[in-house]
Amino acid sequence: MTPEEFRAAGHQLIDWIADTRSTVESKPVLAQVQPGEVRSNFEVNAPTELVGIEDLLTELENNIMPGVTNVQHPMHFGWFPSNASLSSVLGDIASSGIGSLGISWESSPALTEVEEVVCDWMRQLVGLSDAWHGALNDTASSSCMVAMLVARERATNLVQNRAGTQSVETPMRVYTTAQAHSSVAKAALLAGFGWDNIVSIETDPRTYAMLPEALANAMQADADNNMTPAAVVASVGTTGTTAFDPVGEIVEIAARHNAFVHVDAAQAGTAMLLPEYRHLWNGVEGADCVAWNPHKWMGTILDTSLFYMRDVDLLNRIMSTNPSYLMSAADGQVTQYRDWGIPLGRRFRALKLLFHLRLDGIESVKDRVRRDIANAKWFEAVVASEPDWEVCAPVDLQTVCVRHHPPQLNGSPASTEQLNAHTLEWVRKINRSGDAYMSPSILDDQWMVRVSVGVELTERHHVERLWGLMQSAVQPS
Ligand SMILES: *Cc1c(COP(=O)(O)O)cnc(C)c1O
């Protein structure tokens with residue numbers, strides 16, 4: 001494709017994207033396809049005939065889009081918001097269009113330095129001190145993986161440079177809670193800690209936040225038993241209920257054992273743009289690294305995940321590779337992001353944040369975040385005021401966990417199993433219809449439903465409509 005052909009086709013693609021976005025509300029939220037249905041729209045063998053952009057866009061519309069769950073839909077209340085602001089989409093297109101290669105500073109000085117600049121802007125916008133240095137990773141899961149590798153190496157004085165983890169005799173322990181995201185256990189497992197050494201610390205029965213005394217006791221008991229308390233992962237906004245582990249107390253306790261602290265603020269980091277919510281991560285300055293996702297609530301399209309580290313020298317000592325073909329005269333004066341994690345090649349992700357901040361501006365993001373919190377609070381209040389409904393966890397930000405628990409189901413008092421079946425039935429009825437989408441989730445061994453408010457297009461009237469759908473879905477059919 002020549003640049004002139006690209007220009008013509010590109011205009012059509014942009015028009016198609018704009019049309020798709022402006023009509024999203026007329027589509028079902030959940031993709032209405034069966035497993036295998038999208039695949040069956042395609043030939044088994046690779047195509048040999050060429051088509052024009054018009055035909056390709058028709059194929060996109062007819063064969064692919066029906067299989068896309070519309071997370072940009074204002075009635076999407078599932079998982080967490082995965083906002084993809086159109087300004088950041090333009091940044092993504094610019095990044096792709098430039099086609100640069102980030103494998104060293106020299107391979108694209110701008111890629112490296114703009115990433116440093118936007119990470120520093122974002123650091124200031126969430127009120128972190130200048131002791132932190134940032135990078136853009138693909139996801140918070142990858143950042144947690146890096147954190148666990150650094151924690152392991154710090155606890156062993158860089159055993160990778162000797163005989164590796166296989167030579168470590170005292171078990172290294174990682175502490176988190178059952179409410180932590182699944183990526184935490186995955187990272188700890190992949191970093192070699194092992195299931196037996198992932199310690200699940202008790203949480204407060206009301207707030208679901210880590211109990212600091214329980215952490216202190218567990219770490220001390222392990223130390224007394226000749227084990228190494230290596231790392232704590234504190235969740236600032238858990239995935240289930242958006243619970244906030246007490247970071248300040250956690251870092252103090254961890255310091256007694258020189259344990260590494262990673263703060264996973266993947267979703268709730270966006271709220272730290274608002275000074276009035278920063279108390280929710282009080283003490284964060286005492287942690288070793290922090291990750292949060294502009295690609296969730298803030299709305300800088302995937303994959304835009306911020307990773308901040310205090311001791312970059314340590315990180316670089318663990319991650320650096322310096323083969324001769326990557327050496328350059330600038331070494332020592334510049335940041336080499338390949339030494340911050342696992343991948344070598346790097347996309348120009350910073351452009352997504354640059355475009356988002358320059359074209360939409362942070363004030364519009366903050367206004368939207370405040371709107372979403374107000375909508376969630378409104379929803380919490382109406383649910384709590386209905387006798388047969390319950391709000392299952394504190395609503396600090398934008399996720400409201402609810403359960404419908406009528407005193408009787410089918411004419412007799414409901415058992416836990418019947419209530420579970422009832423919950424799954426009403427939520428699946430709504431989800432399947434395509435009218436709205438929510439995530440059922442297990443809390444205290446019982447099903448509940450997470451209503452996660454925060455899609456860019458979601459206004460109060462959408463939340464009101466959802467409440468109407470929920471109230472009719474629980475009626476006996
Ligand atoms: C979403 C989420 C993650 C995972 O984020 P990815 O960027 O998709 O890896 C991790 N932790 C928490 C608390 C999350 O909400």
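Count residues from 1 along the sequence. Indexing begins at 1, ligand by ligand and atom by atom, following the structure's order. Predicted model, so just to flag it, every value in this text is computed and none were measured.
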Undergrad: Regarding Y277 and D396, do their side chains bring together a donor and an acceptor under 3.5 Å, going by distance alone?
TA: no
Undergrad: For ligand 1, find each of its N or O atoms that sits under 3.5 Å from a protein N or O atom, and tabulate the pairs with distances to one decimal place.
TA:
from     : atom 1 : to   : atom 2 : distance (Å)
ligand 1 : 5 (O)  : N293 : ND2    : 3.3
ligand 1 : 7 (O)  : A140 : N      : 2.8
ligand 1 : 7 (O)  : N293 : ND2    : 2.9
ligand 1 : 7 (O)  : H295 : NE2    : 3.2
ligand 1 : 9 (O)  : A140 : N      : 3.4
ligand 1 : 9 (O)  : S141 : N      : 2.9
ligand 1 : 9 (O)  : S141 : OG     : 2.5
ligand 1 : 11 (N) : D264 : OD1    : 3.2
ligand 1 : 11 (N) : D264 : OD2    : 2.6
ligand 1 : 15 (O) : T239 : OG1    : 3.4
ligand 1 : 15 (O) : K296 : NZ     : 2.8

Undergrad: Do V232 and H262 come close enough that some side-chain heavy atom pair is under 4.5 Å?
TA: no
Undergrad: Does one side chain, of W378 or E464, offer a donor that lies under 3.5 Å from an acceptor on the other?
TA: no
Undergrad: Should we count CZ of R428 as having more than 12 external heavy atoms under 6.0 Å?
TA: no
Undergrad: Do D360 and S364 meet the criterion of a side-chain donor-acceptor pair at a distance under 3.5 Å?
TA: no
Undergrad: Taking atom types as modelled, find out whether H462 and E25 have a side-chain donor-acceptor pair closer than 3.5 angstrom.
TA: yes
